[in-house]
Amino acid sequence: MKQLIALALFATALIGTPALAQKSNKFGHINSAELLSLMPERKTAAAKMDSITKDVEKQLQEMMTEYRTKQEKYTNEAPKLSELVKKDKEEELTSLGTRIQNFQQQAQQSLEQQEQALIEPIVSKAKKAIETVAKENGYTYIFDTSAGSLLFWEESDNILVMVKKKLNLP
């Protein structure tokens, strides 16, 4: 009798377990690029990056103008200069050219780092809002359609409207 009761309990557990284990998945999607473009912080960051980029470009332009001026002056005066002075002027031009190249490389790295620093908090805010909406609405997965890797989806909700509402965006 105890074996029959144990078998009945075991059978009930087996039958009930799949029902408990099978959680229905709810899928959603969002175009994160579209969301980011709607966020006012993105426009502020873009304006700040434009200003920083213009300052760097201005400095580079000044360096290039200095280089061209010195190169033109050297070209015009070279026939009249002694070998020692020519060598000094050539070294000066080479040094200035190297400075310009180094400045360009450092500027590129600096601009990338500054852009990342400006964008990271915006992306984090958007991600947090997406996660909050997903949890509040019982989503198992949210796919980003802006990445272009999602070729087909069925029974998936676009959560952009809910996330925009969470972020108080129009």
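Because the structure is predicted, anything quoted here is derived from the model rather than measured.
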Quick check: do [X] and [Y] have side-chain heavy atoms less than 4.5 Å from each other?
X	Y	value
Leu167	Leu35	yes
Ile159	His29	no
Glu57	Gln61	no
Phe143	Ile30	no
Asn31	Leu160	no
Ile100	Gln104	yes
Met162	Tyr139	yes

> Minimum heavy-atom separation for Ile122 to Leu118, with atom names?
Replying inline: CD1-O, 3.5 Å
> Which pair of heavy atoms, one from Met49 and one from Gln114, lies closest together, and at what distance?
Replying inline: SD-C, 4.0 Å
> Does CD belonging to Glu62 count more than 12 external heavy atoms closer than 6.0 Å?
Replying inline: yes
Hey, what do you get for [atom1] ([X]) to [atom2] ([Y]), rounding to the nearest 0.5 Å?
X	Y	atom1	atom2	answer
Thr44	Lys48	OG1	NZ	10.0 Å
Leu96	Met63	CG	CE	6.5 Å
Phe27	Ile142	CZ	CD1	10.0 Å

With a 3.5 Å distance limit and no angle check, can you tell me whether [X] reaches the backbone of [Y] through a side-chain donor-acceptor pair?
X	Y	value
Ser51	Ala47	no
Ser32	Asp144	no
Asn137	Val133	yes
Ser95	Glu91	no
Ser110	Gln106	no
Lys164	Pro170	yes

>> The test is side-chain contact (heavy atoms from CB on, under 4.5 Å); show your working for Gln71 and Tyr67 and say whether it passes.
In response: CA-CA 6 Å; Gln71 186 178 39; Tyr67 181 82; 3.7 Å; yes
> Among the clusters formed by ILVMFWY side chains lying less than 4.5 Å apart, do Leu111 and Met64 turn up in the same one?
Replying inline: yes
> For the hydrophobic clusters of this structure (ILVMFWY residues joined by side-chain heavy atoms under 4.5 Å, transitively), does one cluster hold both Met39 and Val161?
Replying inline: no
> Is a side-chain donor-acceptor pair under 3.5 Å present for Glu112 with Gln108?
Replying inline: yes
> Can a donor-acceptor pair be found between the side chains of Glu90 and Thr94 at a distance below 3.5 Å?
Replying inline: no
>> Regarding Lys86 and Glu83, does a basic nitrogen lie under 4.0 Å from an acidic carboxylate oxygen?
In response: yes
> Can Lys70 and Glu66 be counted as an ion pair, charged N to O under 4.0 angstrom?
Replying inline: yes
>> Would Lys54 and Lys58 count as a side-chain contact (heavy atoms from CB on, under 4.5 Å) here? Give the steps.
In response: CA-CA 6 Å; Lys54 285 179 184 175; Lys58 180 182 175 189; over 6 Å; no
>> My understanding is that only residues two or more places apart in sequence, or in another chain, count here; which of them pass side-chain contact (heavy atoms from CB on, under 4.5 Å) with Val123?
In response: Leu36, Ile119
> Could you go step by step and tell me if Val56 and Phe103 meet the side-chain contact (heavy atoms from CB on, under 4.5 Å) rule?
Replying inline: CA-CA 9 Å; Val56 170; Phe103 179 80; 4.1 Å; yes
> Looking at residues at least two apart in the chain, or sitting in another chain, which of them share a salt bridge (charged side-chain N to carboxylate O under 4.0 Å, His left out) with Lys166?
Replying inline: Glu136
